[in-house]
Structures are given as C-alpha cells and as structure tokens.
**Student:** 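Take this structure, written in structure tokens, and hold onto it; I'll ask about it next.
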Amino acid sequence: MINIAVFISGRGSNFLALLKNIEKGIIQNCRIAVVFSNNPSAKGLEYAVSAGIEIITIPSKNRSDRAEYDKEIINALAEYNIDLICLAGYMRIVTSELVEAYENRIINIHPALLPSFSGLHAQKQALDYGVKVSGCTVHFVDSGMDTGPVILQKTVPVYDNDTEDTLSARILEQEHIAYSEAVALYAAGKLQVSGRKVKILDK
Ligand code: GAR
C-alpha cells in the first residue's frame, strides 16, 4: 500500500478527485495518509476532515526561511511513512531539502503544457500568448520551478471567446483525470525515470 501525502494551498479539487478515484478503485493500492497545507484556511482541508483524513498545517505566511520551513514539513511527515507526495495546487516552491528527502517521490500538476507557461496564472499566460491548444502536465518535482520530468500531459482547445475562467475550467476537468492516471501508474510501479525522461512501462 502506497501512503500518499497531498499538499494543498486552496480549493483542493485535485485532492478531492484523487480521493474519489481511490475510493472508486480507479487508483489502486494507495491511501491518502495525510493532507498538508501551508494555508490553515485552505478550503480543501474541510474535505479532508470530513473524510476522516489527518491534516497538518504549518502557516507559511511571513516565512522566508524556505529550507527551514521544508525541514519542519519533513519532520511532521516522518510518522506517516509517506511513499509519495502529491502537490495539488500547493502554491509554494519546494526546496532541495524536501526534493532530496523524497527523491522522485514528489509529483505536481500544472495547468499548462510545460515547459510553456510555468509559474503562476498559467491559464492566463496561455490566453494572453494566444495559443490554440493548452492543457495540463503531471511531472516529477525537482528543485526548479515546474521543471521536473514530465509524466503525462492532456490537451484542451483554446477558443477565441475563452476567458481565464472558461479555459481554467476546461483544463481542470483534464487535471482531475490526468492526476489520477499518473498516481495509478506510479502506484503500479510503471513509471521509470531516466534523466529527463519518464518511461511508462507496459503501455
Ligand atoms: C490547479 O489548477 C493546479 O493545476 C494549479 O492550481 C489549481 C489548484 O486547484 N496549480 C498550479 O498552478 C501550480 N503551479 P485545486 O486546489 O482545486 O486542486
């Protein structure tokens, strides 16, 4: 059984999609052992509490000591025997402290086709640039920003009359599918990382 820690900062819809797909058996051999947030008022924490999942919050406001902050996270996670960390709308850059403690065991979802439109407001960046296709990327996390090896991507069309909200909603639907697929592949031992490349075995 793979013990997952999901990291959130806000709404938590990707966390909820993972939880539902574990419950439905779409993702097998996994349990969400704990939900971590840097934001004590993250809406997603309420879903965790009502599902009976333990939560940890360490407020990050006014914390510029990123490495120290991440060491506190590592200590807080120690008792949960975490195999995999899923960043799901976790809006804080992780340091090499955390990345090295969980090498190739941290994955993230980003609402654009990386390496395009990394960082904040990816959907707005895509709209402003005028691309015709966007989407989402699930990737392993390294110590750069949105730079780790890509696990999988899903595309969506961008329409002339899209707003940031309509495009974000279309991408979010695909995020919920993509993240579950990636976690299921991870849990089945089907992801082989070699440098920048992630090979999906038996596919
Ligand atoms: C999602 O769109 C996720 O891809 C994005 O934040 C949103 C969180 O939504 N993450 C990033 O932009 C990370 N760079 P959620 O809280 O409902 O899952």
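Just so we're clear, the structure is a prediction, and the values are computed from it rather than from any experiment. Counting convention: from 1, in listed order, for ligands and their atoms alike. The basis for the numbers below is simple: all heavy atoms, side chains too, and nothing from hydrogens, waters or symmetry mates.
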**Student:** Please state whether Gly44 comes within less than 4.0 angstrom of ligand 1, counting heavy atoms only.
**Tutor:**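 For ligand 1, residue contact (heavy atoms, under 4.0 Å) with Gly44 is absent.
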**Student:** Considering only non-hydrogen protein atoms, determine which one is nearest to atom 5 (C) of ligand 1 and report residue, atom name and distance to 0.1 Å.
**Tutor:**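 Scanning the protein heavy atoms, the shortest distance from atom 5 (C) of ligand 1 goes to Pro111 CD, 3.8 Å.
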**Student:** With clusters defined by side-chain heavy atoms of hydrophobic residues (ILVMFWY) lying less than 4.5 Å apart, directly or transitively, does Val183 cluster with Tyr80?
**Tutor:** no
**Student:** Has Ile8 got any heavy atom lying under 4.0 angstrom from an atom of ligand 1?
**Tutor:** no
**Student:** Under a 4.0 Å N-O cut-off, is there an ion pair linking Glu68 with Lys71?
**Tutor:** yes
**Student:** Any N or O on Tyr90 sitting closer than 3.5 Å to an N or O of ligand 1?
**Tutor:**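 No; the residue has no nitrogen or oxygen that sits under 3.5 Å from a nitrogen or oxygen of the ligand.
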**Student:** Would a hydrophobic clustering, with Ile, Leu, Val, Met, Phe, Trp and Tyr connected at side-chain separations under 4.5 Å, put Leu77 with Val6?
**Tutor:**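 Each belongs to a different hydrophobic cluster.
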**Student:** Which heavy atom of the protein is the closest neighbour of atom 6 (O) of ligand 1, given with residue, atom name and distance?
**Tutor:** Gly89 CA, 3.8 Å
**Student:** Looking at atom 2 (O) of ligand 1, what's its closest protein heavy atom, distance included?
**Tutor:** Glu175 OE2, 2.9 Å
**Student:** Can Leu45 be reached from Leu16 by stepping across I, L, V, M, F, W or Y side chains whose heavy atoms are under 4.5 Å apart?
**Tutor:** yes
**Student:** Purely on distance, is any nitrogen or oxygen of Arg11 under 3.5 Å from one on ligand 1?
**Tutor:** yes
**Student:** May I ask you to check whether Met91 has an N/O atom sitting below 3.5 Å from an N/O atom of ligand 1?
**Tutor:** no
**Student:** Rounded to the nearest 0.5 Å, how far does CD1 of Ile106 lie from NE2 of His139?
**Tutor:**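 Separation between the atoms: 11.0 Å.
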**Student:** Considering only non-hydrogen protein atoms, determine which one is nearest to atom 15 (P) of ligand 1 and report residue, atom name and distance to 0.1 Å.
**Tutor:** Ser13 N, 3.4 Å
**Student:** In the protein, which heavy atom is nearest to atom 14 (N) of ligand 1, and how far is it?
**Tutor:**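 Among all protein heavy atoms, the one nearest atom 14 (N) of ligand 1 is His110 ND1, 3.3 Å.
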**Student:** Who gets closest to atom 16 (O) of ligand 1 by heavy atom: Gly119, Gly10, Gly12?
**Tutor:** Gly12
**Student:** Hey, are Glu173 and Arg170 close enough for a salt bridge, meaning a charged N less than 4.0 Å from a carboxylate O?
**Tutor:**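 No, this pair does not count.
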**Student:** Grouping I, L, V, M, F, W and Y whenever their side-chain heavy atoms are under 4.5 Å apart, do Ile107 and Leu87 come out in a common cluster?
**Tutor:**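 In one cluster: no.
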**Student:** Please determine whether residues Phe15 and Ile2 belong to a single hydrophobic cluster, defined as Ile, Leu, Val, Met, Phe, Trp and Tyr linked transitively by side-chain heavy-atom distances below 4.5 Å.
**Tutor:**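 Linked, Phe15 and Ile2 end up in one cluster.
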